[in-house]
Amino acid sequence: MQRWWRTYKEERIEPRLYLLRELRGVAGPLAIWLALLNVLVGVLPSGFMIASSIVVGSTPAAVVGGLGSPAWGSLVAAFVASAGLLFVQQLLAPLSVSLGRILKHQVDGEFHDQILAASLRGAGIAGLEDDKAAGDLWLAAEQLERGRTPGDAAAGTVALVVKYVQLAAYTVLLGVAVSWWAAAVVCLVTMTFRVGHRAVVRIYTRLRPVMGPLRRESMYFRELGIGPSAAKETRVFGLTGWLADRYRASALAALRPVWRERRKANGAAFAWRTVFGVVMAALVLTWMLRAAAAGQFSLTHLVLGVQATLGVLSLGEFYHESDNGTQFGMQSVSALHRFQEAAAALDAPEAQSAETAEPAGLLRGGIRFDNVSFAYPGSERLVLDGLDLTIHAGQCTALVGLNGSGKTTLVKLLSRLYEPTSGAILADGRAIASLDVDAWRRKIAVIFQDFNRYELSVADNIAFGAVEQPADPGRVAAAAHTAGIGKAIAKLPHGIGTLLSRQYVEGAELSGGQWQRIAIARALYAVDHGAQLLVLDEPTSALDVRAEAAFYEEFIADARGRTTLLISHRFSSIRHADRIVVLEHGRVVEDGTHKSLLDQGGRYAGLYHLQARRFQAGEDIDDHATEGIQR
Ligand SMILES: Nc1ncnc2c1ncn2[C@@H]1O[C@H](COP(=O)(O)OP(=O)(O)OP(=O)(O)O)[C@@H](O)[C@H]1O
């Protein structure tokens, strides 16, 4: 009983209460006016039924009385009334539908904002990187784009008013005109059908946990198949057939449980409901006809009774305008709530405003990782394990290590996208966790390996480095020049104003290496606007060897006196850094200058010589080739 109540509450009560709250906030007046209009639209058919029954019932007397007789007058009056009611009904029903659409769009518009706000909320990214939470966010957005929406739920709920007012009005008519027991029986039949239909619709909701991941997978395959990003590789590797098969297989796997459950629900239960409905309806109608034949009520009452009975029974159907909307429309809301809860639980609490301080004047001394350990939420494996490291101010520190040794994770902690599981990161001796997170981030300029390529102008792409300040074209051009992309930009149709996407007229597409230089320019622009620590994670992975060597030579010379953290797998490139730190299993295992580390003859020396030998032998430098050696 307790479980049943919990499910009932979660599935039916809570979403509806939430919806009511939403409606009040977003489209309260419209929803109220529409509900009132729908009451009228729901009542009008009953009025028509009464008037048309009077037309039929008064016809014999009018025929006998002839033109101009009082009976004829009653007939004409009833006819005019029924025609008028029909006309008003035909006028108001489309109006109700149109207002329902407006209501839907208002509610959906608000929910679009909520989804964006939820994904952009907070300082951390744990929720967005967690599979389950990200899955819920995806589901919320996907439902909104392609499925039933909260707007459908809102419009569907208000549309239900029409149906249930009709049902109540027909039932009352039947009760008053013929018999209350007949009204009760017919209403029971209708509600039995309604409950059955809703149960079938609810199957989809119940199967959502099974279907969700499979649908996400099939969507992924579909996107791979129809999007341009994977087109090259899928064709070159001959993956097109495989892709089509996988799409089909995962789509079928998602649908099979639904078909199975639907067959069950639509099988015996449906047959029993139908038998029950037909028998009851037949009993009521037969009784009515016999009673009328026995003179228990007039022709008008009989016509009204038959019409009302058929009217009630016709409502025992699936309501297209409401049922899917009200059943599935709130799924994206529930998914968003789950995401919000999970993200709040996963993200380490941000520094509270009471404790936060402006990091003015920081980074004279440097940054210290003090016994920092970190495991990603949901995992027990320590990616950083008691890390002690000082990044000295004014120095270029290079961080090297094998794949997965925790270099990018270290940068994520430094950027406060995650908080350490234990230990602290100190800037000039102050815990960065106690600093205002946005102000701290303005102190650092970070370019991640998977930096963003904004489909906006070159100027925007670079000026995003200091978005809080007005964009300065001169400084944008200077950053582009320092990053080695100035000449290429000058050749673009609109220089720094060129949109970086082929999707736009006169837009341009850059090569991977050019994009990388744009990202570097963004970081340099941030430095030019006050960022005091520059962090570049694999900044030259897309550059050719000569461009890479030139970049590092110029960059490291230029960076003298600037606090810089460089992450790279190319040992030859970072040899000029002031200091090189080797990370392994989340700890510093070597620390020194290029020369001292070579003299030491340890990990760094081994990897450096290996790369150098390969390079001299003319082989491509393969970062991953070094991987096996240490394992
Ligand atoms: N969001 C995440 N959730 C869980 N584990 C993660 C996440 N991101 C990274 N990891 C794991 O943390 C470990 C360290 O990853 P990280 O990206 O920091 O390594 P890295 O040294 O930068 O590697 P590479 O040289 O390949 O860039 C890896 O084992 C990786 O699988």
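Whatever order the structure lists them in is the order used to number ligands and atoms, beginning at 1.
- Ligand-side atoms of ligand 1 in range of R381: 11 (C), 12 (O), 13 (C), 28 (C), 29 (O), range being under 4.0 angstrom from any heavy atom.
- Looking at heavy atoms from C-beta onward, T498 lies out of side-chain contact with S457 at the 4.5 angstrom threshold.
- Counting only non-hydrogen atoms, the option in K407, K412, E129, E584 that gets closest to atom 25 (O) of ligand 1 is K407.
- Taking a cut-off of under 4.0 Å to the non-hydrogen atoms of T408, the atoms of ligand 1 that pass are 17 (O), 18 (O), 20 (P), 22 (O), 27 (O).
- Residue N403 has at least one heavy-atom neighbour below 4.0 Å for each of these atoms of ligand 1: 23 (O), 24 (P), 25 (O), 26 (O).
- Note on ligand 1: L583 sits outside its first shell, no heavy atom being nearer than 4.0 Å.
- Against a heavy-atom cut-off of under 4.0 Å, T409 is close to the following atoms of ligand 1: 14 (C), 15 (O), 16 (P), 18 (O).
- Every heavy atom of G401 sits 4.0 Å or more from the atoms of ligand 1.
- Atoms of ligand 1 found under 4.0 Å from any heavy atom of H569, numbered from 1 in the order shown, are 25 (O).
- The side chain to side chain donor-acceptor pair (under 3.5 Å) test applied to R246 returns no partner, not counting sequence neighbours.
- The shortest heavy-atom distance from S405 to ligand 1 is under 4.0 Å.
- Ion pair D591/R579 flagged as a salt bridge, since at least one NZ, NE, NH1 or NH2 atom sits closer than 4.0 Å to an Asp/Glu carboxylate oxygen.
- Atoms of ligand 1 found under 4.0 Å from any heavy atom of L402 (numbered from 1 in listed order, with element): 21 (O).
- Near G406, with a cut-off below 4.0 Å to any heavy atom, the atoms of ligand 1 are 14 (C), 18 (O), 19 (O), 20 (P), 21 (O).
- Between Y525 and F464, the gap from one ring centroid to the other reaches at least 6.0 Å.
- With sequence neighbours left out, the salt bridge (Lys or Arg N to Asp or Glu O under 4.0 Å) criterion links K487 to no other residue.
- Proximity of the aromatic rings of W242 and F221 is defined here by a centroid distance below 6.0 angstrom, and this criterion is met.
- Ligand-side atoms of ligand 1 in range of Q449: 27 (O), range being under 4.0 angstrom from any heavy atom.
- The pair R430-D428 fails the salt-bridge criterion, with no side-chain N (NZ, NE, NH1 or NH2) lying under 4.0 Å from an Asp/Glu carboxylate O.
- Polar contact check, G404 against ligand 1: a nitrogen or oxygen pair lies under 3.5 Å apart.
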Check your understanding: What's the verdict on side-chain hydrogen bond (donor to acceptor under 3.5 Å, both in side chains) for E217 and Y247, showing C-alpha distance, side-chain angles and the deciding distance?
Key -> CA-CA 8 Å; E217 187 182 280; Y247 170 60; over 6 Å; no
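- Between E142 and R215 there is a salt bridge, since at least one side-chain N of the basic residue sits less than 4.0 Å from a carboxylate O of the acidic one.
- Residue contact annotation: E538 has no non-hydrogen atom under 4.0 Å from ligand 1.
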